[in-house]
Amino acid sequence: MNPSLAATPLPTTSNRPDPTSSSVQLLRSLARSRRAHLAHRALLLFRSLHASPSPPPLHFSLPPALSAASFLAALPEGRQLHALAAKLALPERAHTVVANSLLHLYASCGLPAAALALFRRIPAKSLVSWNTAVDALAGNGDHIAALDLFRELQLEGAATAGLAPDAYTVQSVLGACAGAGALSLGVYAHALLLRELGGDGDGQAVSRDVLINNSLVDLYGKCGAVELARQVFDRMPERDITSWNVMILTLANHGRVRESVELFDRMARAEKFVPNAITFVAVLSACNHGGMVEEGRRYFQMMVSEYGIRPRIEHYGCMVDILARAGFIEEALDVVSGMNCRPDAIIWRSLLDACCKQNAGLELSEAMAKLALDVPDDAVSGVYVLLSQVYASAQRWNDVGMVRRLMREEGLKKEPGFSSIEMDGLVHQFVAGDTSHPLTEEIYKKLDEIEQRLTSSGYKPNLSAAPMVAGIDHAKGAALRLHSERLAISFGLLKATDGAPIRILKNLRVCKDCHTISKIISELYGVEIIVRDRIRFHHFKDGACSCKDYW
C-alpha cells in the first residue's frame with residue numbers, strides 16, 4: 001500500500017474542529033498501535049482528513065501521521081508529509097513538535113545525516129529534539145557523532161536553564177558508548193543515570209529497572225569490562241530473558257566460554273527461564289569461541305528437540321563455524337545441505353575462512369569462494385580478501401596479485417580497517433599508516449621503540465598477513481607495521497595510566513601477525529591489552545591471549 005499524499009490540498013485555517021475530535025483521536029490511536037496494517041490505515045486516514053472541507057490543524061494531525069510513517073520506515077510518504085509541513089508557517093512551538101517527529105522519521109529510515117541536518121535547523125530545540133537527534137545517530141551506528149552531540153547538549157544545558165540530559169538521553173548515550181567502546185564515558189553516563197533516577201538517594205530506582213540494567217550489562221561487556229558487566233548482572237533484583245541472553249553472550253565474546261555455558265544451564269535448569277532463539281545463538285557462540293564441538297552439537301539438538309525452536313540462519317551459521325573451524329569441514333557441509341533455508345554468503349565465507357586456517361586445499365577453498373560469490377551480498381570484497389589469504393598462505397603470490405587485480409577491475413575495495421581507543425573521555429581513531437593525529441611524531445617514535453624490542457625478543461613478522469602484495473619481504477613487513485591497532489597500542493602506551501588496561505576497538509578481525517605482537521607487547525611492557533574486533537574480544541596479558549589462540 002502506498003497512500004500518496006501528492007494531491008492532498010493544503011489545510012485551511014477556517015472551520016477547524018477541536019483537536020481532541022474523534023477523527024484526530026482515531027488517527028493517534030492507529031499510529032500508536034505498533035501494527036503495520038493499522039499504521040497504513042493511519043496514513044490513509046490522514047489523507048482522507050485533509051481532503052475533507054474541514055481538515056484538522058496540521059500540527060495536531062501531522063505528528064501521528066509521521067509516527068505511522070516512521071514505524072513503517074515509509075520514506076516516500078514521510079517526505080511528502082515533510083513537504084506538506086514546509087508549505088505552512090507553523091507556530092514556533094508547533095514547528096518544534098513536528099520537527100521532532102520528522103527527526104524520528106529520518107532516523108527510522110536509516111538517514112541519520114538527514115535527521116542531524118534537520119535538527120540543526122530547528123530554531124527552538126527542546127530536550128526531545130536533542131534526545132531524538134542523539135538517538136538517531138546512536139541507533140544508526142554513528143556512535144562517535146552521538147557522543148559529540150551529547151557533549152554539545154551538556155554545553156548548551158550549562159548555558160540554558162532547564163535544558164539538561166534526562167534518563168532517556170542517557171540510555172541513548174549508553175548505547176553509543178557501547179558501540180564506540182567508550183568505557184569512561186559509559187561510567188560517566190551510568191553516574192548520570194543514578195543521579196537522574198536515583199531520587200531515593202541510593203540509586204534503587206536504577207537497580208530495579210530491568211531495561212536500564214540490561215543496557216548497562218551490554219555497555220560494560222562491549223567496553224571490555226566483563227567483571228563490571230557481571231557485577232551489574234549479579235546485583236539485578238529482577239531479570240528477564242534479555243538479561244540472561246546479554247550476559248551469556250558477553251561471557252562468550254570474552255572467551256569465558258565455560259562460565260557462559262554454565263550460566264545457560266543455570267538459567268534453564270535452576271532459574272526455570274525458557275530459552276529463546278537468541279539464547280541459543282549466544283550459547284552456540286560460546287561453543288564456537290571455545291572450540292567446544294560436542295557441546296555445540298548437544299545444544300543445537302536440545303534447541304530443536306527439547307524446546308521446539310526452528311533453527312534460523314544464525315544457528316546454522318554458528319554450527320557450521322563450530323564444525324569447520326575444528327576441522328570437521330565435511331560435517332559442516334552436511335549441515336549446510338540440510339538447512340531449512342538458503343545458505344547466505346556469511347556461511348560460505350565461514351567455510352572459506354576455515355579452509356584457509358585448516359589448510360584444506362586450494363580446490364576446496366576455491367569452491368567455497370565461488371559459492372560465496374554466487375550469493376548476492378554487499379560484502380563481496382571480503383570473499384576476495386579471504387581467497388587472497390588462501391593464496392598467500394600457500395605462498396602463491398601471483399594468484400594473490402590476480403585476486404587484487406580482479407578487485408580493482410570490478411571496482412571493489414577492501415573495507416578500510418580502523419582502530420579506536422578512548423583516552424580521557426575522548427575517542428581517538430586510527431587507520432593504517434595514519435599521520436593525522438596531533439601526536440603522530442610521538443606515536444611513531446614509540447612504534448620504533450616497540451619494533452626494536454619485538455625484534456630483540458626474537459619476533460619475526462608473519463608476511464602472509466601483509467595487506468598488499470609487495471615485491472620484497474621488508475616492504476611486506478613495513479605494511480604490517482602500519483596496521484591501525486599497532487598505532488592505537490603505541491598511543492595507548494604513551495598515554496595510558498600505569499597499570500590501566502589499553503582498550504582498543506577494531507572494526508575488522510585482528511590479523512595473525514597483530515595477534516602475535518599484541519601477546520608479546522603485553523609481556524614486554526607488563527600491560528593488559530583488550531582488543532574488541534568484529535568477532536570477539538582478545539585479552540592479551542603476560543604473553544597470552546584469552547582466546548587461547550583459537551579464533
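Below, all heavy atoms of this structure are taken into account, side chains as well, without hydrogens, waters or symmetry copies. For clarity, every value in this text was computed on a predicted model and none was experimentally measured.
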A432 backbone acceptor or donor facing S484 side chain under 3.5 Å = no

Short question: side chain of N213, backbone of D209 - any donor-acceptor pair under 3.5 Å?
-> yes

Nearest heavy-atom pair of V257 and A286: which atoms, and what distance?
-> CG1-O, 3.1 Å

Once you round to the nearest 0.5 Å, how far does CG of L216 lie from OG of S243?
-> 11.0 Å

Carefully, step by step, assess D353 and R509 under the rule side-chain contact (heavy atoms from CB on, under 4.5 Å).
-> CA-CA 12 Å; D353 187 39; R509 294 185 75 173; 3.0 Å; yes

Hey, would you say the F418 and F430 ring centroids sit under 6.0 Å apart?
-> no

Are K512 and D549 close enough for a salt bridge, meaning some N to O gap below 4.0 Å?
-> no

Pair V531-E485, side-chain contact (heavy atoms from CB on, under 4.5 Å): steps then yes or no = CA-CA 9 Å; V531 177; E485 55 263 57; 5.7 Å; no

Heavy-atom closest pair (G224 atom, I530 atom, distance to 0.1 Å) is O-CD1, 3.9 Å

Note: P112 and N140 closest approach over all heavy atoms is CG-CB, 3.7 Å

Quick one: do D135 and T132 satisfy side-chain hydrogen bond (donor to acceptor under 3.5 Å, both in side chains)? Show the steps, please.
-> CA-CA 5 Å; D135 193 56; T132 308; over 6 Å; no

Check the pair E523 / K541 against salt bridge (Lys or Arg N to Asp or Glu O under 4.0 Å), numbers first and verdict last.
-> CA-CA 7 Å; E523 185 171 29; K541 189 174 183 180; over 6 Å; no

In Å, rounded to the nearest 0.5 Å, how long is the span from CZ of R266 to CD of E259?
-> 11.5 Å

List the steps, then state whether side-chain contact (heavy atoms from CB on, under 4.5 Å) holds for L219 with V232.
-> CA-CA 11 Å; L219 162 75; V232 172; over 6 Å; no

Would you give the length of the straight line joining atom CE of M247 to atom CG of D234, rounded to the nearest 0.5 angstrom?
-> 7.5 Å

Might you confirm whether atom CD1 of I278 has over 12 heavy atoms from other residues, nucleotides or ligands at distances under 6.0 Å?
-> no

For N288 and S285, test the side chains for any donor-to-acceptor distance below 3.5 angstrom and give the result as yes or no.
-> no

In Å, rounded to the nearest 0.5 Å, how long is the span from CG of L30 to CZ of R32?
-> 11.0 Å

Shortest non-hydrogen contact from I248 toward A282 | CG2-CB, 3.8 Å

Any idea how H538 and F540 line up, ring-wise: parallel (<30°), tilted (30 to 60°), or perpendicular (>60°)?
-> parallel

Would you confirm whether R532, through its side chain, and K222, through its main-chain N or O, come within 3.5 Å as a donor-acceptor pair?
-> yes

Non-hydrogen atoms of V510 and D533 that approach each other most closely = N-OD2, 3.3 Å

Tell me, do W244 and T279 make a side-chain contact under 4.5 Å, heavy atoms counted?
-> no

Please answer whether the main-chain N or O of R269 pairs with a side-chain N or O of K272 as donor and acceptor at a distance below 3.5 Å.
-> yes

Under a 4.5 Å cut-off applied to non-hydrogen side-chain atoms, are D334 and L323 in contact?
-> no

Take atom CZ in R35; do more than 12 heavy atoms of anything else shown fall under 6.0 Å from it?
-> no

F264 ring center within less than 6.0 Å of F280 ring center = yes

pair H104-L66: side-chain heavy atoms closer than 4.5 Å = no

Is the Lys NZ or Arg CZ of R297 less than 6.0 Å from the centre of F328's six-membered ring, within 45° of the axis?
-> yes

Full working for side-chain contact (heavy atoms from CB on, under 4.5 Å) between V173 and L192 | CA-CA 11 Å; V173 170; L192 275 182; over 6 Å; no

Kindly confirm or rule out a cation-pi arrangement of R239 over F233, judged by NZ or CZ under 6.0 Å from the six-membered ring centre and within 45° of its axis?
-> yes

Which pairs count as salt bridge (Lys or Arg N to Asp or Glu O under 4.0 Å) when at least one residue sits in residues 173-186, sequence neighbours excluded?
-> none

Is K370 close to L352 at the side-chain level, that is, under 4.5 Å between some pair of heavy atoms?
-> no

Y384 and its side chain to side chain donor-acceptor pair (under 3.5 Å) partner, picked from Q389, R404, E410 = E410

Applying salt bridge (Lys or Arg N to Asp or Glu O under 4.0 Å), run through E422 and R503 and close with a yes or a no.
-> CA-CA 7 Å; E422 185 197 28; R503 303 174 191 273; over 6 Å; no

Do we see a donor-acceptor contact under 3.5 Å between the side chains of Y459 and D513?
-> yes

Taking C-beta and beyond as the side chain, do C547 and H515 meet within less than 4.5 Å on heavy atoms?
-> yes

Do W348 and D374 touch side chain to side chain, with heavy atoms closer than 4.5 Å?
-> no

Distance-only side-chain donor-acceptor flag, E294 / Y299, under 3.5 Å | no

Search all heavy atoms of A115 against all heavy atoms of L103 and return the closest pair with its distance.
-> O-CD2, 2.8 Å

Can the ring centroids of Y550 and H289 be said to lie less than 6.0 angstrom from one another?
-> no

May I ask you to test the R258-E295 pair for a side-chain heavy-atom distance under 4.5 Å?
-> yes

Between CZ of R534 and CG of L505, what distance do you get to the nearest 0.5 Å?
-> 11.5 Å

Go through the side-chain N and O atoms of N245 and N276 and say whether any donor and acceptor fall under 3.5 Å apart.
-> yes

So CE of M302 and CD1 of I309: to nearest 0.5 Å the spacing works out to 10.5 Å

State, yes or no, whether a side-chain contact exists between S522 and E528 at a heavy-atom distance under 4.5 Å.
-> no

So, S420 side chain and Q429 main chain: donor-acceptor pair closer than 3.5 Å or not?
-> no

Without hydrogens or angle criteria, can the side chains of N253 and T250 be said to hold a donor-acceptor pair below 3.5 Å?
-> no

